[in-house]
**Student:** 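Below you will find the structure I want to go over with you.
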Amino acid sequence: MRILANDGISESGKQHLEENGFEVITVKVAQNQLVNYINQNNIDILLVRSATKVDKDIIDACPSLKLIGRGGVGVDNIDVEYAKSKNIHVINTPASSANSVAELVFAHLFSGARFLHDSNRNMPLEGDTQFSQLKKLYSNGTELRGKTLGIIGFGRVGQAVARIAIGLGMNVIAYDPNVKEAEIELSFFDDRKVSFLIKTIEKETVLEQSDFITVNSPVQEMYVIDAEEFDMMKEGVGVINSARGGVISEEALLEALESGKVSFAGLDVFENEPTPSIRLLMHPNVSLTPHIGASTVEAQGKIGTELAEQIIKLLK
């Protein structure tokens with residue numbers, strides 16, 4: 001069988017598949033050329049990440065497809081139900097990238113709490129002439145320890161975020177309509193382990209009580225965080241979105257940043273990828289990354305291996 005890994009696959013995943021008799025093609029095919037390439041090359045399996053969209057039109061136009069795989073957690077770029085109605089397997093890798101995404105959440109949290117994103121913009125420009133002024137500007141940071149972190153979306157990523165937060169000494173509260181409680185286990189260098197049971201609470205309570213809020217939910221029909229939700233938050237809250245563009249209303253976020261309701265935001269995802277709002281990109285109180293939550297060497301290795309194992313199990 002032929003596999004097109006259109007958004008790439010780790011070498012370990014590729015090797016595992018080839019050892020089991022699959023041919024893996026890793027060329028990058030443009031979205032508008034995808035149908036032609038799949039049909040001309042008799043592709044049986046299409047693997048994507050977030051860059052490639054697999055909608056009803058592609059599924060209808062590519063009768064050779066037997067499986068569509070998403071390297072990552074969300075599958076909102078795949079028409080899952082329609083694919084399944086055509087007897088096409090749809091798989092993803094929800095466990096492989098959770099820790100990498102969670103660590104990026106805290107990269108943004110630390111950056112916002114200590115103004116690193118803005119300091120790193122201004123120090124190269126003015127550090128040699130305005131050192132004392134910049135020191136004064138960035139001397140009102142806050143510690144994370146002892147603060148309350150609200151987690152909206154308490155699946156694998158949300159629980160990985162909670163694990164780091166507990167290790168930092170934060171108070172963790174969480175909301176998820178599909179998860180009532182979760183046991184968070186911390187493992188230490190000397191093989192000791194400690195477990196904490198976190199029960200989810202109402203969304204409104206999370207919004208009202210949190211010093212920092214991280215959103216780890218899939219895209220919904222409506223914004224998870226809009227103007228109404230910002231109004232419920234504490235004054236000066238920090239907000240992180242490493243889930244999906246469209247989970248948070250960017251217009252409402254900009255208004256909350258301008259009013260001071262939100263002191264800083266950390267964004268890895270955007271409503272208009274790959275052309276984010278220039279107002280967000282230029283805002284001094286926004287820490288920015290270009291959708292790299294799962295883009296670590298470790299996560300990509302795990303993702304490739306997990307995809308390979310699922311493909312082998314389903315189709316060999």
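Model, not experiment: these values are computed from the prediction.
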**Student:** Given side chain to side chain contact (heavy atoms under 4.5 Å, CB included), test Glu258 with His283 step by step and report yes or no.
**Tutor:** CA-CA 10 Å; Glu258 291 303 316; His283 201 288; 2.8 Å; yes
**Student:** Is there a side-chain contact between Asn285 and Phe115 in this structure, where contact means two heavy atoms from C-beta onward sitting under 4.5 Å apart?
**Tutor:**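 Not in contact.
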**Student:** Working to the nearest 0.5 angstrom, can you tell me the gap between Leu207 CG and Glu202 CD?
**Tutor:**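 Leu207 atom CG to Glu202 atom CD measures 11.0 Å (nearest 0.5 Å).
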**Student:** Counting distance only, does the side-chain N/O of His117 pair as donor-acceptor with the main-chain N or O of Pro284 below 3.5 Å?
**Tutor:**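 Looks like yes, one N/O pair under 3.5 Å.
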**Student:** So how far is it from Phe131 CZ to Glu126 CD, rounded to the nearest 0.5 Å?
**Tutor:**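 One finds 13.0 Å between CZ of Phe131 and CD of Glu126.
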**Student:** Under 3.5 Å, sequence neighbours excluded: what are the donor-acceptor pairs made by side chains of residues 309-316?
**Tutor:**
residue: Gln310; atom: NE2; partner: Asn92; partner atom: O; Å: 2.8
residue: Lys316; atom: NZ; partner: Asn20; partner atom: O; Å: 3.4
residue: Lys316; atom: NZ; partner: Asn20; partner atom: OD1; Å: 3.2

**Student:** Determine whether more than 12 heavy atoms belonging to other residues, nucleotides or ligands lie under 6.0 Å from atom CD of Glu19.
**Tutor:**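 Yes.
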**Student:** Is any side-chain heavy atom of Lys66 closer than 4.5 Å to one of His89?
**Tutor:**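 They are not in side-chain contact.
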**Student:** Under 4.5 Å between any side-chain heavy atoms of Val215 and Tyr223, yes or no?
**Tutor:**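 Sidechains of Tyr223 and Val215: no contact.
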**Student:** Main chain of Met1, side chain of Asp44: is a donor-acceptor contact present, judged purely on distance under 3.5 Å?
**Tutor:**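 Flag not set: sc Asp44 to bb Met1 has no pair under 3.5 Å.
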**Student:** Other than Val27, what residues sit in its cluster of Ile, Leu, Val, Met, Phe, Trp and Tyr side chains whose heavy atoms are under 4.5 Å apart, directly or through others?
**Tutor:**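 Same cluster as Val27: Leu4, Ile25, Val29, Leu34, Val35, Tyr37, Ile38, Ile43, Leu46, Val48, Val54, Ile58, Ile59, Leu65, Ile68, Val75, Ile78, Val80, Tyr82, Ile88, Val90.
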**Student:** Determine whether Tyr175 and Thr205 satisfy the following criterion, side chain to side chain contact (heavy atoms under 4.5 Å, CB included), listing intermediate values before the conclusion.
**Tutor:** CA-CA 9 Å; Tyr175 162 76; Thr205 306; over 6 Å; no
**Student:** Which pairs, with at least one residue in residues 139-160 and sequence neighbours excluded, count as a side chain to side chain donor-acceptor pair (under 3.5 Å)?
**Tutor:**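 Passing the test, one end in residues 139-160: Thr148-Asn171.
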**Student:** Got a sec: does the NZ of Lys28 have more than 12 other heavy atoms crowding it under 6.0 Å?
**Tutor:**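 Atom NZ in Lys28 is packed in, count exceeds 12.
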**Student:** Counting distance only, does the side-chain N/O of Gln15 pair as donor-acceptor with the main-chain N or O of Ser12 below 3.5 Å?
**Tutor:**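 Absent.
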**Student:** Do the side chains of Lys53 and Gln31 get nearer than 4.5 Å, heavy atoms only?
**Tutor:**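 They are in contact (side-chain heavy atoms under 4.5 Å apart), so the answer is yes.
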**Student:** Where do Phe110 and Leu168 land on the side chain to side chain contact (heavy atoms under 4.5 Å, CB included) test, with the steps shown first?
**Tutor:** CA-CA 11 Å; Phe110 281 118; Leu168 285 169; 3.9 Å; yes
**Student:** Around atom CZ of Arg163, are there more than 12 heavy atoms of other residues, nucleotides or ligands at under 6.0 Å?
**Tutor:**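 Yes - once you tally the heavy atoms of other residues, nucleotides and ligands closer than 6.0 Å, there are more than 12.
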**Student:** Between Arg2 (side chain only) and Asn41 (backbone N and O only), is there a donor and an acceptor less than 3.5 Å apart?
**Tutor:**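 Present.
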**Student:** Does any N or O in the side chain of Ser249 come within less than 3.5 Å of the main-chain N or O of Ala252, such that one atom is a donor and the other an acceptor?
**Tutor:**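 Side chain of Ser249 to backbone of Ala252, a donor-acceptor pair under 3.5 Å: yes, one is there.
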**Student:** Contact between Thr214 and Ile152 at the side-chain level, heavy atoms closer than 4.5 Å - yes or no?
**Tutor:**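 A side-chain contact is absent here, since even the closest heavy-atom pair is not under 4.5 Å.
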**Student:** Looking at Glu204, I want to see if its CD is surrounded by more than 12 non-hydrogen atoms of other residues, nucleotides or ligands under 6.0 Å.
**Tutor:**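 For Glu204, atom CD is crowded (more than 12 foreign heavy atoms under 6.0 Å).
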**Student:** How long is the straight-line distance from CE of Met282 back to CG of Leu288, given to the nearest 0.5 Å?
**Tutor:**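 With rounding to 0.5 Å, CG (Leu288) is 10.5 Å from CE (Met282).
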**Student:** Same cluster for Ile164 and Ile151 if Ile/Leu/Val/Met/Phe/Trp/Tyr side chains link at under 4.5 Å?
**Tutor:**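 Both belong to a single hydrophobic cluster.
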**Student:** Let me check something: any side-chain donor-acceptor pairs from residues 232-248 under 3.5 Å, sequence neighbours excluded? List them with distances.
**Tutor:**
residue: Lys234; atom: NZ; partner: Gln209; partner atom: O; Å: 3.3
residue: Lys234; atom: NZ; partner: Asp211; partner atom: OD1; Å: 2.9
residue: Asn241; atom: OD1; partner: Ala243; partner atom: N; Å: 3.0
residue: Asn241; atom: ND2; partner: Arg244; partner atom: O; Å: 3.2
residue: Ser242; atom: OG; partner: Asn216; partner atom: ND2; Å: 3.3
residue: Arg244; atom: NE; partner: Asp76; partner atom: OD1; Å: 2.9
residue: Arg244; atom: NE; partner: Asp76; partner atom: OD2; Å: 3.3

**Student:** Just to verify, what does Thr289 make a side-chain hydrogen bond (donor to acceptor under 3.5 Å, both in side chains) with, not counting sequence neighbours?
**Tutor:**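 Scan of Thr289 (side-chain hydrogen bond (donor to acceptor under 3.5 Å, both in side chains), adjacent residues dropped) gives His108, Asp268.
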**Student:** Nearest 0.5 angstrom please: Ile303 CD1 to Ser96 OG, how far?
**Tutor:**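 So the CD1 of Ile303 and the OG of Ser96 are separated by 5.5 Å.
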**Student:** Can you find a heavy atom in the side chain of Leu257 that is under 4.5 Å from one in the side chain of Ser259?
**Tutor:**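 When only atoms from C-beta onward are counted, Ser259 and Leu257 do not touch, as no gap falls below 4.5 Å.
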**Student:** Check whether Gln130 reaches the backbone of Asp128 with its side chain - one donor and one acceptor, N or O, closer than 3.5 Å.
**Tutor:**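 Side chain of Gln130 to backbone of Asp128, a donor-acceptor pair under 3.5 Å: no, none is there.
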**Student:** Mind checking whether Glu18 and Lys14 have side chains closer than 4.5 Å, heavy atoms only?
**Tutor:**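 Glu18 reaches Lys14 side chain to side chain.
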**Student:** Do side-chain atoms of Asn6 reach the backbone of Thr26 as a donor and acceptor pair under 3.5 angstrom?
**Tutor:**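 Not at all, since once roles are kept as given, no pair shorter than 3.5 Å links the two residues.
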**Student:** Check salt bridge (Lys or Arg N to Asp or Glu O under 4.0 Å) between Glu183 and all other residues, then give those that pass, not counting sequence neighbours.
**Tutor:**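 Testing Glu183 for salt bridge (Lys or Arg N to Asp or Glu O under 4.0 Å), a comparison that skips the adjacent residues, returns none.
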**Student:** Tell me, do Glu250 and Pro276 make a side-chain contact under 4.5 Å, heavy atoms counted?
**Tutor:**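 Not touching, per the 4.5 Å side-chain cut-off.
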**Student:** Here's a test for you: under side chain to side chain contact (heavy atoms under 4.5 Å, CB included), which of Ile173, Leu149, Val172 qualifies with Ser210?
**Tutor:**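 Of the listed residues Ile173, Leu149, Val172, the side chain to side chain contact (heavy atoms under 4.5 Å, CB included) partner of Ser210 is Ile173.
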**Student:** Whether the side chain of Arg279 engages the backbone of Leu254 through a donor-acceptor N/O pair (distance < 3.5 Å, no angle test) should be reported.
**Tutor:**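 No, Arg279 side chain to Leu254 backbone: no donor-acceptor pair under 3.5 Å.
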**Student:** For Arg49, does its backbone N or O pair with a side-chain atom of Asp7 as donor and acceptor, under 3.5 Å?
**Tutor:**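 Yes: the side chain of Asp7 pairs with the backbone of Arg49.
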**Student:** Under 4.5 Å between side-chain heavy atoms, hopping through other hydrophobics if needed: is there a path connecting Leu280 to Val224?
**Tutor:**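 Yes, one cluster joins them.
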